[in-house]
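Each chain gets a letter, A, B and so on, in the order the sequences are listed, and its residues count up from 1. Note that these values count all heavy atoms, side chains included, but never hydrogens, waters or copies made by symmetry.
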Protein chains: 2
Amino acid sequence: MEKNKIKLPECSLHEIHHDTVMRVGESLPADETTYDLSDFFKLLGDSTRLRILFAIDREPLCVCDIAETLSMTKSAVSHQLKVLRQSDLVRYRREGKNVIYSLADDHVRDIIEKALEHINE
Amino acid sequence: MEKNKIKLPECSLHEIHHDTVMRVGESLPADETTYDLSDFFKLLGDSTRLRILFAIDREPLCVCDIAETLSMTKSAVSHQLKVLRQSDLVRYRREGKNVIYSLADDHVRDIIEKALEHINE
DNA sequence: TTAATAGTTGAACGGTTGTTCAACTGTTTG
DNA sequence: CAAACAGTTGAACAACCGTTCAACTATTAA
């Protein structure tokens, strides 16, 4: 059973480790940077969004064609496109009844390329 | 109200679009590749895991020091380290009572670097 | 062996998130 | 105008996921 005791920060009595903690702590990126970074990776961390990005990377596509290419409903695709729009990962323009989506950025292509190299060892 | 009717795949009657869908569909990466890729990005899509990676990128650290650096419990850190271990993103070795974690891969550093460039416009 | 420290683990809880459903807006055509 | 097609949206639901908690293992020192 757990004893009733005040919980001190662990390792707090180890002077050597404490220096390490200080040194490493100061060299970490700002919290906001880390959050922005993880938010960005979260966008790519969904297979549906990745497949959308792959598809419109080949050529600009309307929502309808993306949906059919991926065997998904327009609604599901549209929800994801909204997320990608709000993060400026895709561009869009209206053409008559259609809304055409395309990749907004070359960086994203590069990052995906690098990641593909990684998972292929 | 919704009408009762058979739902056909949308855009199915548009021959021009159908060609597009065929062409793009064939050029997409294999499903398994996409899943592996999204799984990889999922790993980076969490600020805790990113901060762990940043920390042990500076220098190899024991779990205790990581926990204190990030102001988290050892348990929470250990759970995330397990995920990173299972994905071969970190290495570890035991040193007496401590288990020292370090970055396993240079690719990851590169990808994070690229992503940082991206979010900084 | 016992106590203390370091680390791991499984279950559970709560928040997040992707898809579905139904309804809506916007555009073109008859 | 109305009908048809393209796309968007909010609510709801289920599945997923990160942290906490309590207990456990492992190593070292007394």
Do the side chain of B:Thr48 and the base of D:dT19 come within less than 3.5 angstrom through a donor-acceptor pair of N or O atoms?
-> no
Side chain to side chain contact (heavy atoms under 4.5 Å, CB included) between B:Leu103 and B:Arg91, worked out = CA-CA 6 Å; B:Leu103 269 196; B:Arg91 291 189 207 291; over 6 Å; no
A:Tyr101 has a side chain; which of C:dT9, D:dT8, C:dT20 sits nearest to it?
-> D:dT8
5'-most contact on DNA chain C: A:Glu95 or A:Ala76, nearest heavy atom basis?
-> A:Ala76
Would you check if the side chain of A:Arg93 reaches a backbone N or O of A:Glu95 as a donor-acceptor pair within less than 3.5 Å?
-> no
Between CG of B:Leu43 and C1' of D:dG18 the distance, given in whole Å, is 14 Å
Think B:Asn98 has a side-chain N or O under 4.0 angstrom from the OP1 or OP2 of C:dG7?
-> yes
How many Å lie between OH on A:Tyr35 and P on C:dT16, as a whole number?
-> 13 Å
Check the distance between D:dA6's C1' and A:Lys97's NZ and give it to me in whole angstrom.
-> 7 Å
Under 5.5 Å between ring centres and under 30° between planes: true for A:His79 and the base of D:dT8?
-> no
Main-chain N/O of A:Ile111 paired with B:Lys114 side-chain donor or acceptor, under 3.5 Å | no
Hey, can you tell me if A:Tyr92 and A:Tyr101 have their rings parallel, tilted or perpendicular (30° and 60° cut-offs)?
-> parallel
Using a cut-off of less than 4.0 Å, is there contact between a side-chain N or O of B:Lys74 and OP1 or OP2 of D:dC24?
-> no
Kindly point out which of C:dG10, C:dC21, D:dA6 is positioned nearest to the side chain of A:Ser75?
-> C:dC21
Is there a side-chain polar atom (N or O) of A:Arg49 under 4.0 Å from OP1 or OP2 of C:dG18?
-> yes
For atom CD of A:Gln80 and atom P of C:dG18, their distance in whole Å = 5 Å
Select from B:Ile100 and A:Gly96 the residue whose nearest nucleotide in DNA chain C is closer to the 5' end of that strand.
-> B:Ile100
Grab the NZ-C1' distance between A:Lys82 and C:dT25 for me, whole Å please.
-> 14 Å
Closer than 4.0 Å, any side-chain N/O of A:Thr73 to the OP1 or OP2 of C:dT19?
-> no
Between A:Arg94 (CZ) and C:dT25 (P), how many Å, whole number?
-> 14 Å
What nucleic acid atoms does A:Tyr92 come within less than 4.0 Å of, heavy atoms only: base, sugar-phosphate, or nothing?
-> nothing
For the student: nearest non-hydrogen atoms of A:Arg51 and A:Leu70, plus distance = NH2-O, 3.1 Å
Distance in angstrom units between A:Met72 CE and C:dC21 C1', rounded | 14 Å
A:Ile56 has an atom CD1; how far is it from atom C1' of D:dG7, in whole Å?
-> 15 Å
